[in-house]
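One structure below.
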Amino acid sequence: MATPLSASALLAALKAEGCQVVEYRDWRTHNRNHKGAWGPVHGVVIHHTVSSGEDSSVALCYDGHADLPGPLCHTVGGKSGKLYMVGHGRANHAGSGDGDVLQAVIDERALPADNEANTDGNARFYGIEIVNLGNGKDTYPAVQYDAAVRWAAAICRAHGWGAASVIGHKEWQPGKIDPAGPVEGRGDFSMDRFRADVGERLTHPASWSAGSSSTKPPAQEEDPMAGYSKADIGDAVIHRDNIPAPKSAPDKAKNTKWTLSSYVQSIYNTVVGLPGDVSALRKDVAALRADVAALKKES
Ligand SMILES: [Zn+2]
């Protein structure tokens, strides 16, 4: 049982987890608290929006529609990797789901099949809507998926929960299929995989920057990349944790994306070696001068 985080505490947790957060309108006080309970909270629910377009999807999740007033979640995950805060408090995202699933989340054990709709999920779960058409063909970019992992991990970390407190809407409410569709570098959206990615984050501090943005185990992304020259990384596009590997990196085929911290480390390693290289060159030049002077004397 947990008291919901305050808006400020939630924001701080997300930022500490490395999320790019956008505060949309009056999200801090936008909720459905006048219609029912908010809290105690037990976990987070992952959804896809069945929409395209970042701005219009954010507006839809804030406003809702005639049959279902907004907010339709707490956070919208755009394809850009940005997280838009659209509500805080009770939100219309989880509907009625299976009480046995809720109990399993509370106990942080394997989920039973969701075959009942007997429990108010909107009081119990934080929700993220990830922008995706949900047609099984629209791909979640790695940066978008990684942002959702960070969002879930930040909330779990703040509450002291494990990754078993993360569920998909399809695991909560009979008849739901979300989240679904191909994830860049990860195959079809799997909640087990998503929980594993959240769990991996939770074994590191919140500042951990080896994102979940590629197919390799995250530990490999943290390898200190020593010995690459500045020319190698000069034309890299610096975009947080999704930087193309340097041309000369020996494992570039396997390790296609680097984190910003790996790049900084690589630059540092190169720079600290420069004074030694320069003084060795100075000695060589001095020796050559001496040789030339000796030759001139002889001739
Ligand atoms: Zn949903």
Side-chain angles (χ1 to χ4, degrees), residues 4 24 27 30-32 35-36 38 41-54 56-79 83-102 104-105 111-140 144-145 147-149 151-152 155-156 163-183 186 188-195 197-198:
Y24 188 74
W27 73 278
H30 188 50
N31 56 53
R32 305 286 300 161
K35 290 292 182 182
W38 169 235
V41 286
H42 302 288
V44 305
V45 176
I46 312 301
H47 306 260
H48 64 222
T49 56
V50 195
S51 68
S52 62
E54 201 140 316
S56 57
S57 297
V58 171
L60 172 67
C61 289
Y62 177 92
D63 291 326
H65 45 79
D67 298 333
L68 195 63
L72 303 184
C73 58
H74 300 101
T75 305
V76 179
K79 293 217 171 195
L83 297 178
Y84 299 84
M85 309 305 290
V86 296
H88 189 71
R90 184 183 175 87
N92 275 330
H93 72 100
S96 292
D98 193 319
D100 299 328
V101 172
L102 177 61
V105 169
L111 301 175
D114 54 331
N115 50 20
E116 292 176 288
N118 57 7
T119 302
D120 172 21
N122 293 333
R124 304 283 170 248
F125 292 100
Y126 299 88
I128 186 170
E129 288 279 358
I130 309 177
V131 177
N132 188 278
L133 289 172
N135 60 4
K137 291 173 186 163
D138 188 18
T139 298
Y140 299 80
Q144 181 187 34
Y145 178 86
V149 168
W151 176 88
I155 294 172
C156 289
S165 293
V166 179
I167 61 173
H169 199 187
K170 60 189 173 188
E171 296 172 315
W172 167 247
Q173 196 171 26
K176 294 294 177 181
I177 63 153
D178 60 322
V183 179
R186 274 190 165 34
D188 273 333
F189 206 123
S190 150
M191 282 310 302
D192 286 334
R193 183 66 192 266
F194 190 89
R195 277 186 283 271
D197 289 331
V198 171

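We're numbering straight along the sequence, starting at 1. Each ligand, and each atom within it, is numbered from 1 in the order the structure gives.
- Note on Asp114 versus Lys176: no salt bridge recorded, every NZ/NE/NH1/NH2 to OD/OE distance being 4.0 Å or above.
- No side-chain heavy atom of Asp178 sits under 4.5 Å from any side-chain heavy atom of Phe189.
- Between Tyr126 and Trp38, the ring planes are perpendicular. Angles over 60° get that label, and only those under 30° would be called parallel.
- Protein N/O/S atoms found under 2.8 Å from the Zn ion (ligand 1): His47 ND1, His169 ND1, Asp178 OD2.
- Remark: aromatic rings of Phe125 and His93 are distant, center separation not under 6.0 Å.
- Looking only at distances, no side-chain donor or acceptor of His42 sits under 3.5 Å from a matching main-chain atom of Arg124.
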Extract all donor-acceptor atom pairs below 3.5 Å that involve side chains of residues 128-136 and protein atoms in other chains or at least two apart in sequence.
from	atom 1	to	atom 2	distance (Å)
Glu129	OE1	Thr49	N	3.4
Asn132	OD1	Gly134	N	2.7
Asn132	ND2	Asp138	O	2.9
Asn135	OD1	Lys137	N	2.8
Asn135	OD1	Asp138	N	2.9

